Amino acid sequence: MTKPMKALRTIKLLLVVVIALFAIAASYISVLIVERQATLREVSRYNVAWLVSQATTEFARLEQRLSAFEYSRSVGPDEVQLRFDIVLNRLKLLESGDVEDFLAASPEHMQTVDALNVAIERSKPFIDDIEQPGAVSKVLALLAPLYPKLAALAAAANTYGGARVADDQQQLVRLHWLFTGLAYGLILCGVAFILLLLWHNRLLQRAHRELHTLTSDLQRTTRDLGTANQAVQDANAELHMQNYMLRARDKELRTQNERFDAALNNMSQALCMVDSDQRLIVCNERFVSLFDLDPSGVKPGTPILQLIESMPLAHRTPSNLAAVHARQEALIRQHAASSYFQELPDGRTVAISYQPMAEGGWLATYEDITERRRVEARIAHMAHHDALTDLPNRTLLRERMEQALAGARENGGSTAILCLDLDRFKGVNDTLGHPTGDALLKAVSERLRRCIGQDGVVARFGGDEFAILQVGGEQPKDARLLAERVLEIIGEPYGLDGQHVIAGTSIGIAVAPRDGTSPDQLLKNADMALYRAKSDGRGIYRFFESEMDAQVQARRFVELDLRRAVDAEEFELYYQPLIDLKSNQIVACEALLRWNHPERGLIGPGDFIPIAEEIGLILPIGEWVLRKACTEAYSWPKHVSVAINLSPVQFKSRNLVQAVILALANSGLSPQRLELEITESVLLEDNEMTLSLLHQLRNLGVSIALDDFGTGYSSLSYLRSFPLDKIKIDQSFIRDLAEHPDSLAIVQSITRLGTSLGMQTTAEGVETKEQLEQLRAAGCTHGQGYYFGRPQPARDIARLLGESRPRMTEAA
Ligand code: C2E
Ligand code: MG
Ligand code: MG
């Protein structure tokens, strides 16, 4: 409470006191007034001395009148009667209350009054009859004794009256003083009241000022409150917004929680989060199932050790969880993150990722990778092994070679690599079918595996290619011995699906460190040696020689040169006549490709066509030949056809038919004047496609000749299966006609078959008259060879053809 307020309260209290004092004083004044009135009344009425003296006086006057009446008759009876009545009246006053107190104070006085009463009573009849003689005497006699008593009584009354007056005066003085005191008191109270009012007023002014200040403060405060209120409203709106956002956040959190739970329980990994007291914070269902835990016992707050101990004793010892935890304990102590694999007591493998948390707990995920590992192992095996034979593949062999070479570098010693290629495997595959081919590969693999044992590695590179890594030993002697042994065991006959199959192999050998120190180099060199073995006749082995490398380099150079030649159009076509053996006339000319090399001169097709086939250049070259030959042949006599050789590579290309159509269309050559020569290898390819292509070509009106018949995996069944018009018997048979009677027999049978199938048969490489005669006798319909004419440039052949129907017998 403020100071003025306290003062105001005090003033209020004082005012109440003053007002109370006023009220008391007023009451007391009224009491005093009443008291004073009583006193005054008493002073006025209680004149006992006067009453008694009056009574005594009247008594004396009565006696005097009686005496006057009796003795002088100066007064009449009425006067006596009057005086008597006055005395009687005075007597009654003496008996009144006012004198009572005085009389009661003294028995003597009472007796006097009583005696008077008696005397008066007795005198009354005499007064009434005063005329009667003696009446006065009798009355005087009765009254006379009383006068002294009455005088005494008057004296006493006088004394009593004086005392009473003194008392009354004292009382009045007291009242006077009291009244005066009260009046002063009231004045003082009034003054005090006025002072208090003044004080009150001052205080009120002060309070007013303070109130004013307070009001301005209040106004300011109100303004501030307004501002504050606005701020509160803003804050409220903000709070509302925050509340809304919190609710949204809460909803989002709940959704997230639900998602988190869903994610947690749909994880393929088991997850477990533990606090610093090694108590469970959270885990997912996968964790419970992975460690065979009792779901009802897995609750947040459960110590991990309790989870471990809760595993039934009859269960494995130790439990999977115990084993995992035992290993984790070291990580917990080190507070170190780690990812590792662990084999569980039940044989499964788990991938564990352990991550300590900042506040002391840890989080770990566990993934059962048993199946994955098995699959991975399987994949790893498949990645390193050949699916058919389960032998190591090229990748694994290279790894093993790396290891062997590293070992050889450290410890000395040498290593050999043998590259194998089965001879004529394609023929087995095509003639006996792929299952038999596969069975042969498996059988070869098994023989090689048995042959090598633990001393080396046998690998299959795919197709009919194998390789053997021979580690250590005395090189190249041991490699040679191994190659000979391999040739021997592979060459032994196979019994596959009830069929008797003969296979052979060619082997190329490279020895480290002589022929190379890296797997790639050794393999490349062994491959070159294999190439040499194959070109040297197959069924043999060859060691790598440095000149092989030079040949390969030369070949690479040819490749580059050939590409350039295609762009520079350095090719030319020579034409060799084909003779009808009945009419001895040129019926066709075969286009034979030549490369006019700016430095090396004219190069025959045997030196570049295989390379062009390998590097795909045969396609543009082949199309060029088609266009060129058709164009040049167009100007020849109409009965002369042109024969064009097709590569098997061209045959595989999709636009062969298109290229033929274009060549015919562009040149204007009739399709009937075009013969396409294919080799047997074309027929070995995808039969359906080949057949379809051949039909498409023949439908154009073009005829098809089977070139070099008898050199490949010739099968007479081909002749029936494919739409062929002509068979060209390979010149190797013609060359051998003289020495080998078999050749003639073969030529005869081919000719017979061709005739029976309605095909023409052309003998290639006819060089002598004898050969011609034999072939004619054997039934060949056509001939080609130096005997009739060598391949010649286009203008020469055109000139030759321009001569009227040149007969080749003459030419020869
Ligand atoms: P081919 O189709 O069998 O051609 C016959 C080959 O025998 C020609 O060799 C020819 O010069 C040769 N020749 C002909 N008569 C005799 C003879 O009496 N004695 C001997 N020793 N040889 C004779 P060329 O021209 O070197 O052609 C070799 C092979 O190159 C051809 O064999 C053919 O398969 C291929 N060829 C030639 N030109 C082309 C072509 O334009 N395209 C394709 N894909 N291959 C071609
Ligand atoms: Mg030919
Ligand atoms: Mg030929």
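Source: prediction; values computed, not measured. Start at 1 and go down the list; that is how both ligands and their atoms are numbered. Quick note: numbers below take in every heavy atom, side chains included, and nothing from hydrogens, waters or symmetry partners.
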Ligand 1 atoms in contact with [X] (distance to a heavy atom under 4.0 Å):
{"X": "Val625", "value": "41 (O)"}
{"X": "Gly785", "value": "15 (N), 18 (O)"}
{"X": "Arg594", "value": "25 (O)"}
{"X": "Gln576", "value": "10 (C), 14 (C), 15 (N)"}
{"X": "Pro791", "value": "11 (O)"}
{"X": "Glu590", "value": "1 (P), 2 (O), 4 (O)"}
{"X": "Glu767", "value": "17 (C), 18 (O), 19 (N), 20 (C), 21 (N)"}

**Asked** Looking at Ile727, Thr762, Ile729, which one forms a side chain to side chain contact (heavy atoms under 4.5 Å, CB included) with Cys780?
**Response**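 Going through Ile727, Thr762, Ile729 one by one, the side chain to side chain contact (heavy atoms under 4.5 Å, CB included) with Cys780 is satisfied by Ile729 alone.
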Treating [X] as the side-chain partner and [Y] as the backbone partner, does any N or O pair qualify as donor plus acceptor under 3.5 Å?
{"X": "Thr781", "Y": "Thr761", "answer": "yes"}
{"X": "Asn699", "Y": "His695", "answer": "yes"}
{"X": "Asp438", "Y": "Leu441", "answer": "no"}
{"X": "His597", "Y": "Glu599", "answer": "yes"}

Any carboxylate oxygen within less than 4.0 angstrom of a Lys/Arg side-chain nitrogen, looking at [X] and [Y]?
{"X": "Asp561", "Y": "Arg564", "answer": "yes"}
{"X": "Glu547", "Y": "Arg532", "answer": "yes"}
{"X": "Glu632", "Y": "Lys628", "answer": "yes"}

Determine, using heavy atoms of [X] and all atoms of ligand 1, whether some pair is separated by less than 4.0 Å.
{"X": "Gly765", "result": "yes"}
{"X": "Lys728", "result": "no"}
{"X": "Gly604", "result": "no"}

For [atom], closest protein heavy-atom neighbour:
{"atom": "atom 31 (C) of ligand 1", "answer": "Leu592 CD2, 4.2 Å"}
{"atom": "atom 7 (O) of ligand 1", "answer": "Gln731 NE2, 2.8 Å"}
{"atom": "atom 42 (N) of ligand 1", "answer": "Asn645 O, 3.4 Å"}
{"atom": "atom 16 (C) of ligand 1", "answer": "Tyr786 CE2, 3.3 Å"}
{"atom": "atom 46 (C) of ligand 1", "answer": "Ile609 CD1, 3.5 Å"}

**Request:** With heavy atoms under 4.0 Å as the rule, classify the contact between Ile621 and ligand 1 as side chain, backbone, both or neither.
**Result:**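 The answer is neither; Ile621 stays 4.0 Å or more away.
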**Asked** If you measure from each non-hydrogen atom of Thr679 to ligand 1, which part falls under 4.0 Å: side chain, backbone, both or neither?
**Response**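 No part of Thr679 comes within reach of ligand 1.
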Polar contacts were defined as any N/O atom of the residue lying under 3.5 Å from an N/O atom of the ligand; does this apply to [X] and ligand 1?
{"X": "Leu593", "value": "yes"}
{"X": "Tyr787", "value": "no"}
{"X": "Gln784", "value": "no"}
{"X": "Gln650", "value": "no"}

**Request:** Start with the C-alpha gap between Gln784 and Glu590, add the side-chain angles, then the distance that decides, and say whether side-chain hydrogen bond (donor to acceptor under 3.5 Å, both in side chains) holds.
**Result:** CA-CA 9 Å; Gln784 180 184 4; Glu590 182 176 2; 2.6 Å; yes
**Request:** Assign the ring pair Trp595 / Phe571 to parallel, tilted or perpendicular, where the plane angle (0 to 90°) is split at 30° and 60°.
**Result:**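 Answer is tilted, since the angle falls between 30° and 60°.
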**Prompt:** Side chains of Val766 and Thr768: closer than 4.5 Å at any heavy-atom pair?
**Reply:**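 No, every pair of side-chain atoms sits at 4.5 Å or beyond.
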**Atom of Gln771, atom of Gly765 and distance for their closest heavy-atom approach** =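 Nearest pair, atom of Gln771 first, then Gly765: OE1-O, 3.7 Å.
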**Message:** Measuring from atom 5 (C) of ligand 1, which candidate in Glu764, Glu613, Lys628 has the nearest non-hydrogen atom?
**Reply:**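 It is Glu764 that holds the nearest heavy atom.
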**Asked** Quick one: which of Gly783, Pro605, Pro610 has a heavy atom closest to atom 29 (C) of ligand 1?
**Response**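 Checking each option, the heavy atom nearest atom 29 (C) of ligand 1 is found in Pro605.
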**Message:** So that I can check it, does any N, O or S atom in Asp730 come closer than 2.8 Å to the Mg ion (ligand 3)?
**Reply:**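 Checking Asp730: none of its N, O or S atoms is under 2.8 Å.
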**Message:** If I take every N, O or S atom of Glu677, is at least one of them less than 2.8 Å from the Mg ion (ligand 3)?
**Reply:**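 It does not; every qualifying atom lies at 2.8 Å or beyond.
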**Asked** Will you find, in the side chains of Asp386 and Thr389, an N or O donor that is under 3.5 Å from an N or O acceptor?
**Response**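 Yes, Thr389 and Asp386 have a side-chain donor paired with an acceptor closer than 3.5 Å.
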**Message:** If only side-chain N and O atoms count, and only distance matters, is there a donor-acceptor pair under 3.5 Å linking Arg776 with Asn584?
**Reply:**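 There is such a pair between these side chains.
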**Asked** How about atom 22 (N) of ligand 1: does it have a protein heavy atom within less than 4.0 Å?
**Response**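 At least one protein heavy atom is under 4.0 Å away.
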**atom 9 (O) of ligand 1 protein-contacted (non-hydrogen atom, under 4.0 angstrom)** =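 So far as the 4.0 Å threshold goes, atom 9 (O) of ligand 1 is out of reach of every protein heavy atom.
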**Message:** Run Gln760 and Asp725 through side-chain hydrogen bond (donor to acceptor under 3.5 Å, both in side chains) and show every step you take.
**Reply:** CA-CA 6 Å; Gln760 299 175 344; Asp725 300 288; over 6 Å; no
**Request:** Kindly give the atom name of the N, O or S atom of Asp708 closest to the Mg ion (ligand 3).
**Result:**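 When I compare the N, O and S atoms of Asp708, OD1 is nearest to the Mg ion (ligand 3).
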**side-chain hydrogen bond (donor to acceptor under 3.5 Å, both in side chains) between Asp730 and Ser732, intermediate numbers included** = CA-CA 5 Å; Asp730 191 71; Ser732 56; 2.7 Å; yes
**Message:** Applying side-chain hydrogen bond (donor to acceptor under 3.5 Å, both in side chains) to Asp421 and Thr505, what does each step give before you reach the verdict?
**Reply:** CA-CA 5 Å; Asp421 198 324; Thr505 184; over 6 Å; no
**Asked** Where the Mg ion (ligand 3) is the corner point, what angle links OE1 of Glu764 with OD1 of Asp707, to 10°?
**Response**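 Result: 80°, to 10°.
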**Asked** With the Mg ion (ligand 2) as the point of reference, which N/O/S atom of Glu590 is the closest?
**Response**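 In Glu590, the N, O or S atom with the shortest distance to the Mg ion (ligand 2) is OE2.
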